[in-house]
Amino acid sequence: MVPSQLKAEQFSGYPPQAREIATSRIALLQQLPLGFLPLLLRELIAYDWKFPAERKELDYQFVYLSALPPEELQREMEPFAKLRLSSALEQVDWVNAPVQFSEQLSAHLWATHQVDAFRSASVEYVHKLNAGKPGDPLPAPRLGIAIVGKGVTQNRYPLFRKLRPHGVYFKNVQAENAKEILFEAVAARAKAHPIPFGHWYIEGGGNATSCGPLTCISYSALDSVRGILMAKMRKVMQPGGGGPEVLRTMLAEMRPAELGFEGTGDKAVLDRFQVSVLTEGSGTQLFSTTFVQWSAREVLRRAQPVTLLARFFPRQREQTMGELITGTQNAGLDPEASLIDADMGAYYTWVNQQRLPFAEQASFLVWFENHAEALAIGPSFRPGTEDSRSVDLKDLLTRIA
């Protein structure tokens, strides 16, 4: 089937909101080429479980395409229409299985040496799409906070090396009750600026059950979910189970109910997000530091929050992949090596925060848990400097605010 043959009833299997958008835009969808449309449907089919920021971006994309005059829309889609696609791709149920189509399209483009043309067309399209996108002001400048180094008593690793050129390194931070101070600060922001999925707490250790106005996810709280997932992964990776290709397909098609989630409404949106973290991230099922770093990356990319607090926790010691997947040994925790992981994770979290709109107004704070070291980045902090004076963590937060 080709897009011009689309009919509204073919979207009957879509979730309610996605189905409504597809059927109301059927005339537009019929005009889009096969090298483009399934990629748009891949986003649309998950519309009901997307964060508000993602929905807003997808809504704008439909508005943008619908506003183009027919001749201009044809010019915009011409690079995608020129792609040489096989008849086998046309036979794929790309309406109801756009993710599988995308995987096969990618393989086809690489095999036929068309991937560069596709990439160039995609970059040009996104550039034009973003050029006219309205930039809604934020209710408050973004604030990212990372807590690293839980369980480390003596540290010889030079912390914050990649972040120091961008902010102030504080050597003498008075950190009594620091975790409570940081949590209260982000909770206060959430209360002052209530936004659905706008304020997050990612916990690498405890269950984070008392989150108040924050959206919370926790590595430990997902123990049972990760156990179910690892059991499924072990079964596939055993001899005769199918191997890596079958595993990749299984993870891509995983649904929350298969892992024990039963949420509805906003809870269903959060459940879907947690499933994506565990099935799309490499090592998120096994290492708490990887879980926190990947979760922070995806939260910033997808939810675009105003506030993010990420607390790294010691991961287990290094083992072979076979030992990790089978769970045959308990190697214990490795706080010192985890600190290095977390330090890099904090840096990548800041980098991802800087990719969001109004980055020049954003602030970022990273604190070495139960120690006197911290680093702050933001408009009120001079890049590449150090401060050895005694400073209270509350004072730092006040300067950031």
Participant: Above 12 or not: heavy atoms from other molecules or residues under 6.0 Å from CD of E20?
Facilitator: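 No - once you tally the heavy atoms of other residues, nucleotides and ligands closer than 6.0 Å, there are 12 at most.
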Participant: Say you draw a straight line from OG of S276 to CD of E298; how long is it, rounded to the nearest 0.5 Å?
Facilitator: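 Reported to 0.5 Å precision, the distance equals 6.0 Å.
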Participant: Using 30° and 60° as the class limits, which term best fits the ring planes of W350 and H166: parallel, tilted or perpendicular?
Facilitator: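 The rings of W350 and H166 sit tilted, inter-plane angle from 30° to 60°.
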Participant: Taking NZ, NE, NH1 and NH2 as the nitrogens, is one of them in E71 or R75 under 4.0 Å from a carboxylate oxygen of the other?
Facilitator: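 The answer is no: the pair does not qualify as a salt bridge.
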Participant: Please check this pair: side chain of D343 against backbone of L339, looking for a donor-acceptor N/O pair closer than 3.5 Å.
Facilitator: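 Looks like no, no N/O pair under 3.5 Å.
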Participant: Mind checking the CZ-CG spacing from R234 to L229? Nearest 0.5 Å is all I need.
Facilitator: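 Those atoms lie 9.5 Å apart.
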Participant: With Y14, which residues qualify under side-chain hydrogen bond (donor to acceptor under 3.5 Å, both in side chains), at least two apart?
Facilitator: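 Here no residue qualifies.
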Participant: Taking everything shown except K82 itself, do over 12 heavy atoms lie less than 6.0 Å from its NZ?
Facilitator: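 Count not over threshold, so no.
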Participant: Closest heavy-atom contact between E386 and V168?
Facilitator: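 Between these two residues, the closest heavy atoms are C-CG1, 4.3 Å.
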Participant: Please name the pair of heavy atoms, one in R189 and one in H199, separated by the smallest distance, quoted to 0.1 Å.
Facilitator: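 Between these two residues, the closest heavy atoms are O-CE1, 3.6 Å.
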Participant: Are K50 and E57 close enough for a salt bridge, meaning some N to O gap below 4.0 Å?
Facilitator: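 Looking at K50 and E57, the cut-off is not met.
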Participant: Any side-chain to backbone donor/acceptor pair from S12 onto E9? Under 3.5 Å, distance only.
Facilitator: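 Looks like yes, one N/O pair under 3.5 Å.
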Participant: Does R315 make a cation-pi contact with Y219 (under 6.0 Å, within 45 degrees of the axis)?
Facilitator: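 Negative - R315 is either too far from the ring of Y219 or too far off its axis.
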Participant: Nearest 0.5 Å please: distance from the OG atom of S295 over to the CG atom of L300.
Facilitator: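 Rounded to the nearest 0.5 Å, the OG-CG separation comes out at 10.5 Å.
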Participant: List the atom of A310, the atom of V292, and the distance in Å for their closest heavy-atom pair.
Facilitator: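 In this case the closest contact between A310 and V292 is CB-CG1, 3.9 Å.
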Participant: Say whether, by atom type as modelled, one donor and one acceptor occur between the side chain of E72 and the main chain of P69 under 3.5 angstrom.
Facilitator: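 Checking the backbone N and O of P69 against the side chain of E72, no donor-acceptor pair under 3.5 Å is found.
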Participant: Determine whether a donor-acceptor pair (N or O, by modelled atom type, separation under 3.5 Å) exists between the side chain of T307 and the backbone of L143.
Facilitator: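 Absent.
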Participant: Applying side-chain contact (heavy atoms from CB on, under 4.5 Å) to S66 and R25, what does each step give before you reach the verdict?
Facilitator: CA-CA 8 Å; S66 298; R25 302 283 189 175; 2.6 Å; yes
Participant: Would you say that L251 contacts R248 through its side chain, given a criterion of any heavy-atom pair below 4.5 Å between the two side chains?
Facilitator: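 Not touching, per the 4.5 Å side-chain cut-off.
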Participant: For the residue pair L214 and A190, what are the closest heavy atoms and their distance?
Facilitator: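 L214 and A190 have their closest heavy atoms at CD2-CB, 3.8 Å.
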Participant: Side chains of P79 and E124: does their closest heavy-atom pair fall under 4.5 Å?
Facilitator: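 In short, these two side chains do not touch, never coming nearer than 4.5 Å.
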Participant: I'd like to know if the side chain of Q353 reaches the main chain of A362, judged simply by a donor and an acceptor atom lying under 3.5 Å from each other, with no hydrogens or angles considered.
Facilitator: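 No; zero donor-acceptor contacts below 3.5 Å.
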Participant: With no hydrogens and no angle check, just 3.5 Å: does a side-chain donor-acceptor pair link D93 and Q91?
Facilitator: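 The criterion, which ignores hydrogens and geometry beyond distance, is not satisfied for Q91 and D93.
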Participant: Is a side-chain N or O of E336 found less than 3.5 angstrom from the main chain of R156, in a donor-acceptor match?
Facilitator: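 Side chain of E336 to backbone of R156, a donor-acceptor pair under 3.5 Å: no, none is there.
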Participant: From L41 CG over to L6 CG, what is the distance, rounded to the nearest 0.5 angstrom?
Facilitator: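 So the gap between those two atoms works out to 7.5 Å.
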Participant: Would you check, one step at a time, whether the test side-chain contact (heavy atoms from CB on, under 4.5 Å) holds for N155 with H371?
Facilitator: CA-CA 10 Å; N155 173 46; H371 292 265; 5.8 Å; no
Participant: Quick one: does E369's side chain have a donor or acceptor within less than 3.5 Å of a partner on I147's backbone?
Facilitator: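 Pair absent, no side-chain N/O of E369 close to backbone of I147.
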Participant: Can you tell if the side chain of F313 reaches within under 4.5 Å of the side chain of S220, non-hydrogen atoms only?
Facilitator: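 No; the side chains remain at least 4.5 Å from each other.
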Participant: Check this for me: K394, atom NZ, are more than 12 non-hydrogen atoms of other residues, nucleotides or ligands nearer than 6.0 Å?
Facilitator: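 No, NZ of K394 has 12 or fewer neighbouring heavy atoms, counting only those of other groups under 6.0 Å.
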Participant: Over all heavy atoms of both residues, which pair between E262 and D271 is shortest? Give the atoms and the distance, please.
Facilitator: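 Looking at all heavy atoms of both residues, the shortest contact is N-OD2, 4.0 Å.
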Participant: Between V186 and Y201, is any pair of side-chain heavy atoms under 4.5 Å apart?
Facilitator: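 The answer is no; the side chains never approach within 4.5 Å.
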Participant: So which heavy atom on A374 is nearest to which on L365, and how close?
Facilitator: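 Here A374 and L365 meet closest at CB-CD1, 4.4 Å.
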Participant: So, D59 versus Y47: side-chain donor-acceptor pair below 3.5 Å or not?
Facilitator: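 The criterion, which ignores hydrogens and geometry beyond distance, is satisfied for Y47 and D59.
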Participant: Are the side chains of K232 and M254 in touch, meaning some heavy atoms are under 4.5 Å apart?
Facilitator: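 Yes; the side chains approach each other to less than 4.5 Å.
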Participant: Starting from the C-alpha separation in whole Å, work towards a yes-or-no answer on side-chain contact (heavy atoms from CB on, under 4.5 Å) for L278 and F291.
Facilitator: CA-CA 8 Å; L278 293 175; F291 172 86; 4.2 Å; yes
Participant: Apply the test side-chain contact (heavy atoms from CB on, under 4.5 Å) to residues S122 and F80: give CA-CA distance (whole Å), side-chain angles for both, the deciding distance (0.1 Å), then the verdict.
Facilitator: CA-CA 8 Å; S122 301; F80 299 99; 3.8 Å; yes
Participant: Drop me the distance from Y125's OH to Y64's OH, to the nearest 0.5 angstrom.
Facilitator: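 With rounding to 0.5 Å, OH (Y125) is 6.5 Å from OH (Y64).
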Participant: Can R399 and D395 be counted as an ion pair, charged N to O under 4.0 angstrom?
Facilitator: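 Result for this pair is no, no salt bridge flagged.
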Participant: Give, for atom CG of L65 and atom CG of L29, the distance between the pair rounded to the nearest 0.5 Å.
Facilitator: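 Answer for the CG-CG pair, L65 versus L29, is 9.5 Å.
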Participant: Check for a donor-acceptor pair, side chain of R142 on one end and backbone N or O of Q304 on the other, with a separation under 3.5 Å.
Facilitator: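 Judged by distance alone, yes, a pair lies under 3.5 Å.
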Participant: Test your reading of the model: is there a side-chain donor-acceptor pair from T289 to the backbone of D341, 3.5 Å cut-off?
Facilitator: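 No; judged by distance alone, with no hydrogens or angles, the pair does not exist.
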Participant: Do S102 and L39 have side-chain heavy atoms sitting under 4.5 Å apart?
Facilitator: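 Counting from C-beta outward, S102 and L39 do come under 4.5 Å.
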Participant: Between F51 and W200 (judged by ring centroids, cut-off 6.0 Å), do the two rings come close enough to count as a pair?
Facilitator: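 Here the rings of W200 and F51 have centres that are less than 6.0 Å from each other.
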Participant: Give a yes or no answer on whether the side chain of N352 reaches the backbone of R301 with a donor-acceptor pair at less than 3.5 Å.
Facilitator: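 Side chain of N352 to backbone of R301, a donor-acceptor pair under 3.5 Å: no, none is there.
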Participant: For E90, I'd like to know if atom CD has over 12 heavy atoms of other residues, nucleotides or ligands within 6.0 Å.
Facilitator: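 Enclosed.
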Participant: Flag the pair F197 / F273 as yes when their ring centroid distance falls below 6.0 Å, and as no otherwise.
Facilitator: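 Here the rings of F273 and F197 have centres that are no less than 6.0 Å from each other.
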Participant: Inspect the surroundings of NZ in K267 and state if more than 12 heavy atoms from other residues, nucleotides or ligands are less than 6.0 Å away.
Facilitator: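 Buried by this count: over 12 neighbours within 6.0 Å.
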Participant: Should R389 and D387 be marked as a salt bridge (Lys or Arg N to Asp or Glu O under 4.0 Å) after you check the CA-CA gap, both sets of side-chain angles, and the distance that decides it?
Facilitator: CA-CA 6 Å; R389 295 172 297 177; D387 192 332; 2.8 Å; yes
